[in-house]
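Notes for the one structure printed next.
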Amino acid sequence: MYLTDRSAPAGADTDQGRRRGLRPGVAPVVLVLGTVSLITDISSEMVTAVLPLYLVSTLGFSPLAFGTLDGVYNGVSALVQLTGGHLADRIRNHKLLAGLGYGLSALCKPLLLLVSSIGTLGTVLALDRTGKGLRTAPRDAMISLSTPSGKQGRAFGVHRAMDTTGAMLGPLAAFLILSAAADGYDAVFGVSACVAVLGVVVLVLFVPGRRQRGTHQLIPGERQVTEAGGTTATEGKPPVRVREALALLRLPRLRALAGCAALLGLTTVSDAFVYLLLQRRAGIGEQWFTLLPLGTAVVFLLLAVPVGALADRVGRHTVFLAGHGALLTGYALLLWAPATPALPFLVLALHGVFYAATDGVLPAALADIVPEQLRASGLAIVGTSQALARFCCSLAFGAAWTVWGDGPALAASALGLLCCAAVASRVLRPTAGNR
């Protein structure tokens, strides 16, 4: 007889989770997955922190070339998310798919030491993003299924805070390695590979591997039977089929959320471009460039949990839109504020607020929309719509910067974000039962 199941579905009352969690409603599996994400993000952000400057300043990439590569970097992940989410639901083993994704990304880190051309670099980065695409939806599904519906924002906030701790330590580690090592970039890539392997080991050893048990929301055509010990199983159609996952698009609230996420993503400038713009606007030395993501990460870390809890209380859609308001304010400062010493701190703070109000709040908003057995697929649909839109934004922004310059390109993005936020606020207007 199981006294508790660490992978209990949404709504399950897990006393052990309340006793052992850092906060009420945070299950142990959330903390373990947060640890895996923390370690993995140290590895990923070490590379991400040095890549923009390495490509633009060292290798001489134009903004258009970098925008294309950055778009591919995110676009591949978007396309693979659908596959990862559906397969995780189909085989009912989220840990396996997440593990494959983390493992593939870890394998790509040492390959960065061998690249010698833009084509090879693009292939390695695409494989790395394939790993991210495979793991994102299954990982978020494990978090969602282990948390009661009313505390989804808090749970995702805790996970994103731990994830962001890694995002904060990664650039710092890259900065220290570049300062101490003679062949700095190779040293960053080598250490990143070792850290990524550690994250995979923690996932394999400590994340529960049992399939989801307990309350199951039936897909049409299934029926429940009770097994010995009181557990339930489904008969009729055990594997989730593609058409059942695609049928989620018939849900009006999911369509609205996915559409608004995509609309806003079309005007969300890539982080790398934000940091390049800030460096030029504020006259920051190249030796300090790798520390700019650290500013965003610190604010994200401090606000992820309280903003997630706030979203549970006042409405996740409201907080999601407010986060884009903070991003719009950051764009305005980059365009029109004087280049004072306070400018980098203000822009990075607003950038961190944007992520705290959107990154975990968006998947949390799906908890009351998508059935448990299709949770990973639903997360993948919304995540893919957003990521594909940001892929298009990276391409368009890089082209606009090349043709018009950085100022007009950012002004166009800011105007577009303002218009898209106005449309999204009407579509996502809170109604009874729609938070």
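All values derive from a computational prediction rather than experimental measurement. Counting begins at 1 with the first residue of the sequence.
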What verdict does the side chain to side chain contact (heavy atoms under 4.5 Å, CB included) test give for L97 and N93, after you've listed the backbone C-alpha separation in whole Å, the side-chain angles of each residue and the deciding distance to 0.1 Å? CA-CA 7 Å; L97 263 295; N93 193 332; 6.0 Å; no
Would D163 and L38 count as a side chain to side chain contact (heavy atoms under 4.5 Å, CB included) here? Give the steps. CA-CA 4 Å; D163 180 272; L38 185 155; over 6 Å; no
Please report the C-alpha distance between L107 and L127 in whole Å, then the side-chain angles of each, then the deciding distance to 0.1 Å, and finally whether the side chain to side chain contact (heavy atoms under 4.5 Å, CB included) criterion is met. CA-CA 9 Å; L107 180 64; L127 288 174; over 6 Å; no
Using the side chain to side chain contact (heavy atoms under 4.5 Å, CB included) rule, take S270 and R390 through it: C-alpha gap first, then chi angles, then the decisive distance, then the call. CA-CA 7 Å; S270 167; R390 291 184 177 180; over 6 Å; no
Only distances under 3.5 Å count here; give the side-chain donor-acceptor pairs of residues 291-300 to other protein atoms, sequence neighbours excluded, each with its distance to 0.1 Å.
unit_1: T296; atom_1: OG1; unit_2: Y275; atom_2: OH; d: 3.1
unit_1: T296; atom_1: OG1; unit_2: H351; atom_2: ND1; d: 3.0

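Formation of a donor-acceptor pair under 3.5 Å by the T136 side chain with backbone atoms of G133 is not found in this model. A donor-acceptor pair is defined here as one N or O able to donate and one able to accept, closer than 3.5 Å; no such pair exists between the side chain of R154 and the backbone of D312. With hydrogens and angles disregarded, no donor-acceptor distance shorter than 3.5 Å links the side chain of S385 to the backbone of G259. Using a distance-only test at 3.5 Å, with no hydrogens or angles considered, no donor-acceptor pair links the side chain of K95 to the main chain of P138. A distance-only check finds a donor-acceptor pair linking the side chain of T267 to the backbone of L264 [under 3.5 Å]. Side-chain N or O atoms of E45 include none that pairs as donor or acceptor with a backbone N or O of M168 at under 3.5 Å. In terms of modelled atom types and a separation under 3.5 Å, the side chain of S146 and the main chain of I143 share a donor-acceptor contact. Put simply, the side chain of H159 never gets that close to the backbone of A155: no donor and acceptor are under 3.5 Å apart. The main-chain N or O of S377 is found under 3.5 Å from a side-chain atom of D89 such that the two form a donor-acceptor pair. The backbone N or O of S144 sits less than 3.5 Å from a side-chain atom of Q152, completing a donor-acceptor pair.
To the nearest 0.5 Å, the span separating CG on L82 from OG1 on T384 amounts to 3.5 Å. To the nearest 0.5 Å, atoms CG (L248) and CG (L374) are separated by 5.0 Å. With rounding to the nearest 0.5 angstrom, the CG atom of L249 is 4.5 Å from the CD1 atom of I381. To the nearest 0.5 Å, the span separating CZ on F354 from CG on L350 amounts to 11.5 Å. To the nearest 0.5 Å, atom CD1 of residue I39 and atom OG1 of residue T165 are 11.5 Å apart. Interatomic distance, H317 NE2 to S425 OG, rounded to the nearest 0.5 Å: 12.5 Å.
Using a 4.5 Å cut-off on side-chain heavy atoms (C-beta onward), W288 and Q279 make no contact. The shortest side-chain heavy-atom distance between V50 and F189 falls under the 4.5 Å cut-off. Looking at heavy atoms from C-beta onward, F289 lies out of side-chain contact with I284 at the 4.5 angstrom threshold. Residues L362 and F156 form no side-chain contact, since every pair of their non-hydrogen atoms from C-beta on lies 4.5 Å or further apart. Within the 4.5 Å cutoff, the side chain of C108 has heavy atoms near those of the V124 side chain. Side-chain atoms of L96 and L87, non-hydrogen and from C-beta on, never get closer than 4.5 Å to each other. Proximity of L328 to L418: side-chain heavy atoms (C-beta onward) are separated by under 4.5 Å at one or more points. Two residues are said to be in side-chain contact when any heavy atoms from C-beta on lie closer than 4.5 Å; D406 and L410 fail this criterion.
Between T147 and K151, the shortest heavy-atom contact is CG2-O, 3.4 Å. For V307 against A357, the heavy-atom pair with the smallest separation is CG1-CA, 3.7 Å. Nearest heavy-atom pair across V361 and A311 is CG2-CB, 4.0 Å. Between R316 and G153, the shortest heavy-atom contact is NH2-N, 4.1 Å. Here the closest heavy-atom approach between residue I369 and residue L251 is recorded as O-CD1, 3.6 Å. Summarising the geometry of L104 relative to G131, their closest heavy-atom pair is CD2-N, 3.7 Å, with the distance given to 0.1 Å.
For S43 and S192, the side-chain atoms include at least one donor-acceptor pair closer than 3.5 Å.
Between R160 and D140 there is a salt bridge, with a side-chain nitrogen of the basic residue lying less than 4.0 Å from a carboxylate oxygen of the acidic one. Salt-bridge annotation for K132 and D128: absent, with no side-chain N of the basic residue lying under 4.0 Å from a carboxylate O of the acidic one.
Across L203, T40, V80, a single residue satisfies side-chain contact (heavy atoms from CB on, under 4.5 Å) together with R135, and that is T40.
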